[in-house]
Amino acid sequence: MKKGWRSWLPLMAMVMMFLHVNGEDPYRFYTWNVTYGDIYPLGVKQQGILINGQFPGPPIQNGVEQRRNSWQDGVYGTNCPIPPGKNFTYVLQVKDQIGSFHYFPSLAFHKAAGGFGSINIASRSVIPVPFPPPAGEFSILTGDWFKQNHSDLKAILDGGHDLPFPDGLLINGRGSNGYTFTVDQGKTYRFRISNVGLTTSVNFRIQGHKMMVVEVEGTHTVQNTYDSLDIHLGQSYSVLLTADQPAQDYYIVVSTRFTSQVLTATSTLRYSNSAGSVTGPPSWWTNN
Ligand SMILES: *[C@@H]1O[C@H](CO)[C@@H](O)[C@H](O)[C@H]1NC(C)=O
Ligand SMILES: *[C@@H]1O[C@H](CO)[C@@H](O)[C@H](O)[C@H]1NC(C)=O
Ligand SMILES: *[C@@H]1O[C@H](CO)[C@@H](O)[C@H](O)[C@H]1NC(C)=O
C-alpha cells in the first residue's frame with residue numbers, strides 16, 4: 001500500500017473491471033459489483049461494503065504500483081468518484097513488480113465499512129524467487145473495526161475529534177475464532193498479512209511456530225525468523241511458516257500494539273491430521 005497503493009478505489013461503484021498483466025497469462029480481468037449489505041463481524045448487524053457479495057473483497061492476483069502514472073490510482077483528485085450505478089475500468093500494467101499489497105476505498109471513510117481485499121502479484125516463472133515454492137498460500141487481512149458506521153465515524157473526524165477506541169479486531173472479516181487455516185504437517189506455507197485497519201498497529205503471531213519474513217510490500221527481504229511481528233497500518237508482509245509442530249490446532253493471534261487497552265482476535269491454524277482443538281486464552285508474546 002505504500003509506494004502508490006495509498007488509496008485505490010473510489011467507491012461506490014457498482015461495477016469495476018480490472019486488467020492486470022501476469023507473466024504467463026498476460027491479462028487478468030476482474031468484474032466487481034460493489035454494494036452495501038449486512039455484515040456481522042463483531043456479532044452485531046452492520047451495513048458493510050460487499051464486493052461481489054464478499055466481505056472482505058475477493059483477492060486480486062496481480063496488481064501494480066503506479067509508477068509515473070496517477071490516472072489509475074483511485075485517489076480523489078486524480079480519479080473521480082464512481083457514482084452509484086456506474087462503472088469504471090482500471091487498466092494496470094504490473095511489469096516487473098511482485099509481492100503482497102491490498103486495495104481499499106479511499107473516499108467518504110468507506111474503508112470503515114470494508115471494501116478492502118488482498119492484491120497478490122505473482123512472479124513470472126522465469127524470475128527466480130529466493131525461497132522454494134510453498135505448499136500453499138493464505139492471505140490474512142487484519143485490523144481494527146468499529147461498530148459505528150463509516151458516516152458516523154467520518155462525522156467524528158469532521159468535527160475535529162479523534163476516533164474512539166475500536167470495538168474489536170478482525171481477521172478476514174471475522175472476529176475471534178471465525179476463521180480456520182488448514183495446513184498439512186511437514187509442509188511450508190506462505191502467509192501474506194496486511195493491516196487493513198484504521199487506527200492501530202497490530203502484533204501478529206502464530207503460536208508454537210516461527211515465521212520467516214520473506215517479502216515486504218513488493219521486495220524480497222533478508223530472511224529473518226520471528227516469534228511475532230508488528231504490522232503497522234497499511235503494511236503487508238509475507239512470512240513462511242513450516243507446520244513442524246505436533247499435529248493439533250494452534251491460535252493465530254493479532255492484538256493491538258501501543259494501546260493502553262489491548263484488543264485481541266484469534267483464528268485457528270489447524271493441522272489436517274489435528275489431534276485436538278485449541279482452548280483457553282492465547283498466550284501473550286511468547287509462542288508457547
Ligand atoms: C449487483 O448486485 C446487486 C445485489 O445483489 C444486484 O441487485 C445487481 O443487479 C447487481 N448488478 C450487476 C451489474 O450485476
Ligand atoms: C459500464 O458502463 C457502460 C456505459 O456507461 C456500459 O456500456 C457497460 O455495459 C458498463 N459495463 C458493465 C460491466 O456494467
Ligand atoms: C449510519 O448510522 C446512522 C445512525 O447512527 C444513520 O443515521 C446513517 O444513515 C448510517 N449511515 C449509513 C451510510 O448507513
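Note that ligands are numbered from 1 as they come in the structure, with each ligand's atoms numbered from 1 the same way. The structure presented is a predicted model; accordingly, all values stated were derived computationally and were not measured.
By the 6.0 Å contact criterion, CG on Asn273 is enclosed, its count of non-hydrogen atoms from other residues, nucleotides or ligands being greater than 12.
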Working note: Phe204 + Ile252, criterion side-chain contact (heavy atoms from CB on, under 4.5 Å); need CA distance, chi angles, decisive distance, verdict. CA-CA 8 Å; Phe204 176 88; Ile252 295 176; 3.6 Å; yes
Checking Gln235 against Asp230 for the side-chain contact (heavy atoms from CB on, under 4.5 Å) test, could you report, in this order, the C-alpha distance in whole Å, the side-chain angles of both residues, the deciding distance, and whether it holds? CA-CA 10 Å; Gln235 289 189 329; Asp230 283 345; over 6 Å; no
Tyr179 and Ile140: side-chain contact (heavy atoms from CB on, under 4.5 Å), yes or no, with the steps? CA-CA 10 Å; Tyr179 216 94; Ile140 294 189; over 6 Å; no
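Scored by the side-chain hydrogen bond (donor to acceptor under 3.5 Å, both in side chains) test, Lys147 finds no partners at all (sequence neighbours excluded).
Of the polar atoms of Thr35, none of the N or O atoms is found under 3.5 Å from an N or O of ligand 1, judged by distance alone. Residue contacts with ligand 2: Asn87 is placed with a nitrogen or oxygen under 3.5 Å of a nitrogen or oxygen of the ligand (distance criterion only).
The only option from Val239, Asn203, Val202 that meets the side chain to side chain contact (heavy atoms under 4.5 Å, CB included) definition with Leu229 turns out to be Val239.
Side-chain polar atoms of Asp249 and Thr268 form no donor-acceptor pair below 3.5 angstrom.
Closer than 4.0 angstrom to ligand 3 sit non-hydrogen atoms from Gln47, Asn149, His150, Ser151, Asp152.
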